[in-house]
Each structure stands twice: as C-alpha cells, then as structure tokens.
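First comes the structure, then the notes that go with it.
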Amino acid sequence: MLAATLGAALTFGAPAALAGTDPVAPSGSASAPAAAAAPQAAAPTSQSATWVAGTRAYFVITTPGDTSAVRAAVASNGGSVFASYDAIGVIVAHSASGTFATTMRGASGVQQVGATRTSDVPADAYNPALPANPAQSTTPAGEPVRADMTQIKADQAWAVTTGSASVKVGILDTGVDDQHQDLAPNFNAADSASCAYGKADTRTGAWRDVGTHGTHVAGTVAAAKNGKGVIGVAPGVKISSVRIAEPGSSLFFAENTVCGFMWAGDHGFKVTNNSYYTDPWQFNCPDNADQAAIIEGVKRAQEYAEGKGSLQVAAAGNSNLDLANKTTDTESPNDSTPVTRTITNACLDIPTELPGVVTVSAMGTTAKASYSNYGLNVIDVTAPGGDATGIYSTQPGGKYGTMSGTSMASPHVTGVAALLASTNPGITPAQLRDKLATQANDVACPSDSRCKGTTAKNGFFGEGQVDALKAVGSTPPPGKYFENLGDFAIGDNTTVESPITVSGKTGNAPATLKVGVNIVHSYIGDLKVDLIAPDGTAYNLHNRTGSSTDNINQTYTVNASSEVANGTWKLRVNDNAGGDTGKIDAWNLTF
C-alpha cells in the first residue's frame with residue numbers, strides 16, 4: 001500500500017503509505033517507513049485565490065444519484081465542492097471551518113461526514129504542477145530473465161502468451177514514466193491521469209512519477225519483451241498510470257483512491273495494482289466518525305470499479321503485522337503526529353482489506369519475506385517481493401533498480417491476473433479472484449507459531465504462490481518444455497543427479513537451450529552444477545561461486561546444438577564441503 005505501502009513497498013525507506021521499498025516500513029506505501037510529521041501546507045507564490053490556510057478535505061456521503069441538495073448544503077455551511085462522484089454518493093468537500101463536519105452531519109440527506117486528512121490541503125490542489133519529464137538513459141541490449149519471473153514461471157508462460165493488448169491494467173501509484181524505453185511500447189496515455197487531491201487531471205504528463213515507486217511497479221507488471229532491460233509478468237498487455245500520490249509528501253489520501261477507482265471503472269481497466277494504503281491512517285476504525293466515512297467512501301468506489309469489470313489487487317503492507325489479530329497502531333496519522341492507539345480487527349487497512357480486493361503477501365525465495373504483513377483469511381495469495389536481494393525493475397529516466405516490499409509482490413499477482421484475463425476473455429472480477437486462488441501453488445507454514453492454517457490455505461501465503469504458467473494453461477506448447485519437480489537431497493560431499501527424459505523432438509538441441517534451475521541450499525559456494533547431455537557431455541552452469549548465499553533460482557542458456565535433443569538429460573549437483581546441505585527442488589529444459 002502506498003502511503004503505508006510506499007513506506008513499506010518502495011526501496012525500503014520511502015515515507016508515506018507505499019508497500020514496497022528497500023528497506024520496508026509502514027506508511028502510505030507497502031514498503032517504506034512512516035512519514036515524518038507533515039508541516040502545515042505552505043501557500044506557493046502561484047496559489048489559487050480559493051485556497052486559504054487551514055483548508056481541510058472531507059468526504060460527505062449521501063445516497064447515490066442526485067447529490068445536488070447535499071452539494072448545496074456544503075456550500076451553505078462553509079465549504080466548497082472540490083469533486084463529486086454522484087454515482088456512488090461521495091462528495092469531496094473542502095472547508096477551513098472547524099465546525100464544518102459537525103454541522104454537515106446534521107444536514108438533510110447526509111449519511112456520513114469525515115475528514116480525510118489531519119493536515120491542510122496543499123494549495124497545489126487548486127493549481128497542480130505537472131511532474132517532471134526526465135531525460136532518458138539508454139540501456140545495452142539484452143534482458144536476462146529475472147529470478148522472480150522464474151520463481152512464478154512467468155518465463156515459461158511467455159511461450160504460451162505474453163498477454164493481450166486488449167487487456168488494460170491500471171497502475172494506481174506515484175505515477176509512471178511513460179517515456180521509459182521498457183514501458184513506452186505498452187503505455188496507454190489515453191486512459192492515464194492524475195488523481196492527486198481527489199479530482200482527475202487529464203493534462204498530458206499529469207500521470208508521471210513524482211517518485212520512483214510507480215515506475216518500478218509498472219515494469220514488474222508489463223515491461224515490454226523488447227530485447228532490453230527487463231520483462232514484466234504480462235509484457236503484452238497495456239498499462240495506464242493513475243497517479244494517486246501527491247508530490248512532496250507521496251501520500252495517498254482517501255479522496256485520491258476514490259478518484260482512482262472511479263477512473264478505473266469508467267476506463268475499462270481489467271485489473272488495478274494498489275501497492276499502498278490510504279493515508280493518513282494505517283488502519284481505519286469504524287467507531288471513529290472520520291475513519292468510518294473513509295471506509296465507506298473507498299468501499300463504494302471499489303464496488304463501483306468491480307461492478308464495471310475491474311479487479312483490484314493490493315499489497316498487504318510491510319510492518320510484519322498479523323492482520324487477523326490487530327491490537328495496536330503506532331504509525332497513524334502519518335500526515336501530522338502519529339500516536340499509539342489500541343485497535344481491533346474491525347479496523348481496516350484499506351484498500352487491501354476491503355471486500356473483493358485481492359490481498360498479497362510477499363515471499364523471498366521460499367519463505368515469507370521478513371517484513372510482510374500476514375493473517376489467516378486476510379492474505380489471499382503470495383508472490384516474490386524481494387527480501388535479501390530485492391526485485392529488479394524499471395525506474396524513471398530509462399533506469400533500473402532494486403526494491404523490496406509487498407509493493408513489489410502485488411504487481412506480480414496483477415501481472416498473472418492480466419494473463420488470466422488475456423486467456424479468458426469476458427472473465428469477471430469474481431472469476432478472476434477464483435482463478436488466482438486455484439492456480440496458486442500451496443506453500444506450507446514453516447516452523448513458526450505465527451503461521452495459522454493449513455498447507456492449502458494459511459496466514460503467511462493464503463492460497464499459495466501464484467503460477468503464471470498454470471494461469472495460461474498449465475504447460476507451454478507440446479514438445480518444447482520438460483521439467484522434473486521431484487526433490488533430490490544434496491548431502492555434504494556428495495553428488496546427486498535429477499533426470500529429465502526428452503522425447504518427440506527431431507534433430508539436435510538448440511544453441512539457446514534454456515535450463516531453469518531451482519536448488520535450495522544454505523551455502524551455494526559449496527556447489528558445482530552441470531547439465532549432462534544424453535551422451536554424457538557436461539555443460540557447467542555454476543562452479544562454487546556465491547559464497548554463503550542461499551539457493552540457486554536461475555535460468556541458464558546453454559549452446560547444446562551439437563547434442564541430439566531426444567534422450568535423458570540430467571542436472572548433476574556436486575557438494576564439495578561439509579556443514580551445509582539442501583536439495584534439487586525442481587529444474588526444467590525449454591527447447
């Protein structure tokens with residue numbers, strides 16, 4: 001989640017509500033730490049005459065449809081209507097009156113009123129500056145397959161489909177650098193906008209990144225398969241940017257999220273990615289009038305988007321909290337001075353805990369990421385979010401970098417959902433949710449008392465880790481892909497082999513034979529790994545490098561053009577020292 005998720009989802013270290021960064025911390029994002037107390041908004045030289053110090057934003061909630069009477073009441077009670085979403089009965093009002101909320105709660109037709117901030121609305125809301133359009137770096141040719149893509153078998157899924165250009169995915173985040181060489185081929189400017197401050201801004205470039213988080217997320221979803229940089233999970237779908245982070249603070253306030261969901265519904269987004277939480281409250285409690293209005297407003301907007309055919313995927317957050325057993329919130333409000341308060345499970349991290357939203361936890365290679373929130377019957381699925389090594393993806397200005405967080409896990413799931421939508425035209429959001437659950441591979445609880453549930457469904461991993469290959473139809477085209485999923489123990493100072501029998505091929509293997517290797521081992525510097533051809537020829541893949549690094553999860557390219565394709569190929573692993581053991585978890589050949 002951005003504000004809380006940005007804090008927790010950027011390169012672990014960004015403020016606000018992001019859900020994925022390095023390092024992760026709670027704030028609006030799903031990966032950054034909590035934001036520092038925000039000073040009162042200062043009026044820039046170019047401020048609008050409408051802005052006055054002390055202006056605050058409110059949700060005024062009424063019956064969907066004709067909101068004219070309530071909008072008139074806003075104006076007659078010391079407020080102004082900044083935006084109105086009549087289809088869901090949510091009005092974004094501004095007022096500098098300290099009694100505005102109390103007065104409006106007594107107005108005819110008003111159901112709820114709540115402040116969406118504990119800080120002033122910036123003057124920039126009335127005259128927003130366009131984000132910078134950064135100069136672009138160039139990248140040498142070559143796009144090695146990322147370990148996270150191999151982990152969810154996205155690299156194998158691309159042999160079936162890279163996704164349909166008719167599938168639109170919305171990146172609701174800090175913005176996206178649409179000029180980036182790896183994003184431009186798939187970027188849909190016509191359906192992009194800024195929703196910062198709670199009202200759509202459709203000026204060219206308003207959607208651009210005011211940080212780095214959104215561009216990084218976009219690359220994981222759909223970086224183009226164009227021979228440079230990186231490849232996204234669904235490199236054939238179209239992405240649009242809906243910037244909901246405000247410049248400077250990078251906070252994702254509730255009115256921005258409502259605007260983003262309404263935009264998603266009205267612009268045909270099949271899936272949206274939400275790697276943030278709505279600021280300023282990490283958890284919104286229904287016994288607080290302001291927070292109850294936030295819950296209701298965002299909930300109505302999510303239901304509107306879903307009713308229009310859009311599935312929302314969201315990061316679980318990076319505070320290592322049990323979302324099924326909430327007790328304390330120390331991060332909120334993150335736009336002023338956080339306080340410690342007692343909370344219950346009725347208090348919601350939104351949008352991730354709203355009904356219908358797919359909640360995503362983060363894994364490292366095989367275990368829950370140390371920072372990832374969890375919770376039985378809260379987490380739906382899991383995906384790679386980076387732990388020690390992070391996730392490598394696009395950054396503004398044609399650049400690339402590594403971030404970690406549930407903010408990075410969520411776009412993997414969004415990409416898989418986009419592939420599912422590509423191969424199942426007409427699929428509904430409810431059906432997409434079901435398919436995301438059924439295609440996921442079960443991940444059992446570790447020896448950790450915090451993980452509740454069964455192998456099939458538990459609090460750390462939900463229904464399991466998403467599998468892009470299963471999502472697009474289980475196997476690549478016949479005869480091209482072969483795998484061995486059996487476990488082969490690797491003991492100290494021993495050699496073990498795992499076989500794959502290839503049949504149905506003609507002629508020799510290719511000069512670009514792909515060898516996918518997944519070895520679980522606590523010290524890969526002990527290991528020598530070879531591919532053994534049917535005639536016994538050895539092709540070295542790994543030779544005692546990596547020192548104390550854990551695990552090998554990598555795809556190698558081997559020139560095997562002198563070898564007959566059919567026959568028994570083997571993965572041979574030789575352990576050359578004592579003290580560390582492991583197993584061949586799986587490996588595959590792609591011809």
Side-chain angles (χ1 to χ4, degrees), residues 2 44 46-48 50-51 57 67 71 80-88 90-94 116 121-134 165-180 183-211 213-215 217-218 221-222 237-248 250-274 276 297-298 301-302 304-305 308-310 312 396:
L2 277 184
S46 61
Q47 75 178 82
S48 163
T50 309
W51 185 90
T67 66
R71 284 187 275 120
S80 61
V81 174
F82 185 75
S84 185
Y85 299 98
D86 293 2
I88 60 172
V90 175
I91 297 165
V92 180
H94 288 177
T116 63
V121 174
D124 187 60
Y126 298 95
N127 186 23
L130 287 173
N133 185 10
S166 66
V167 172
K168 298 180 184 179
V169 177
I171 309 298
L172 277 58
D173 213 288
T174 61
V176 174
D177 179 5
D178 55 302
Q179 305 296 308
H180 194 292
L183 301 177
N186 291 334
F187 193 80
N188 174 15
D191 292 311
S192 295
S194 168
C195 272
Y197 311 114
K199 180 165 59 178
D201 179 352
T202 59
R203 291 177 298 164
T204 299
W207 57 72
R208 291 192 177 123
D209 211 331
V210 295
H213 191 264
T215 299
V217 163
V221 175
V237 305
K238 293 297 182 183
I239 51 174
S240 295
S241 171
V242 183
R243 178 168 65 87
I244 59 173
E246 298 182 5
S250 288
L251 295 180
F252 300 71
F253 290 104
E255 59 267 38
N256 309 356
T257 303
V258 165
C259 173
F261 285 165
M262 298 299 289
W263 183 273
D266 288 338
H267 288 261
F269 295 172
K270 198 64 185 177
V271 191
T272 70
N273 188 81
N274 302 270
Y276 63 90
V298 179
Q302 160 3 63
Y304 178 86
K308 293 283 189 175
S310 178
Q312 278 54 253

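- Proximity of a side-chain donor or acceptor of Ser310 to a complementary backbone N or O of Phe269 within less than 3.5 Å is detected.
- Annotation for Cys195 and Ala200: closest pair SG-CA, 4.4 Å, computed over non-hydrogen atoms.
- Summarising the geometry of Met262 relative to Ala87, their closest heavy-atom pair is CE-CB, 4.4 Å, with the distance given to 0.1 Å.
- In this structure, Thr174 contributes its side chain and Gly214 its backbone to a donor-acceptor pair below 3.5 Å.
- No side-chain donor-acceptor contact under 3.5 Å links Asp173 to the backbone of Gly175.
- When all heavy atoms are compared, the tightest approach of Ala196 to Ala245 is CB-O, 3.7 Å.
- At least one donor-acceptor pair under 3.5 Å links the side chain of Thr215 to the backbone N or O of Asp177.
- Screening residues 253-267 for salt bridge (charged side-chain N to carboxylate O under 4.0 Å, His left out), with sequence neighbours left out, gives Arg117-Glu255.
- One finds the CZ atom of Phe253 at 11.5 Å from the CD1 atom of Ile244 (value rounded to the nearest 0.5 Å).
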**Request:** Under the side chain to side chain contact (heavy atoms under 4.5 Å, CB included) rule, what do Val298 and Val258 come out as? Steps first, then yes or no, please.
**Result:** CA-CA 5 Å; Val298 179; Val258 165; 4.1 Å; yes

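- By the salt bridge (charged side-chain N to carboxylate O under 4.0 Å, His left out) test, Lys199 pairs with no residue at all, sequence neighbours left out.
- Put simply, the side chain of Arg208 never gets that close to the backbone of Leu130: no donor and acceptor are under 3.5 Å apart.
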**Message:** Could you go through Arg71 and Asp86, starting from their C-alpha distance and side-chain angles, then the distance that decides it, and tell me whether this counts as side chain to side chain contact (heavy atoms under 4.5 Å, CB included)?
**Reply:** CA-CA 10 Å; Arg71 284 187 275 120; Asp86 293 2; 3.6 Å; yes

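- Between Ser84 and Thr67 the shortest heavy-atom distance is OG-OG1, 3.4 Å.
- Residue Ala305 comes nearest to Gln312 through the heavy atom pair CB-NE2, 3.8 Å, listed as atom of the first residue, atom of the second, then distance.
- Within the 4.5 Å cutoff, the side chain of Thr202 has heavy atoms near those of the Trp263 side chain.
- The nearest pair of heavy atoms linking Tyr126 to Pro128 is C-CD, 3.7 Å.
- Without hydrogens or angle criteria, Lys168 side chain to Ser240 main chain gives no donor-acceptor distance under 3.5 Å.
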**Request:** Test side chain to side chain contact (heavy atoms under 4.5 Å, CB included) on Asp124 and Tyr197 and set out the steps.
**Result:** CA-CA 9 Å; Asp124 187 60; Tyr197 311 114; 2.5 Å; yes

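- A donor-acceptor contact shorter than 3.5 Å is absent between the side chain of Ser241 and the backbone of Ser192.
- Between the side chains of Gln179 and Asn133, no donor N or O sits under 3.5 Å from an acceptor N or O.
- In this pair, His94 and Phe82 present their aromatic rings parallel. The plane angle is below 30°, not in the 30 to 60° band.
- The side-chain heavy atoms of Phe261 and Asn274, taken from C-beta on, include a pair separated by under 4.5 Å.
- Partner of Ile239 under the side chain to side chain contact (heavy atoms under 4.5 Å, CB included) criterion, chosen from Val169, Asp191, Asp178: Val169.
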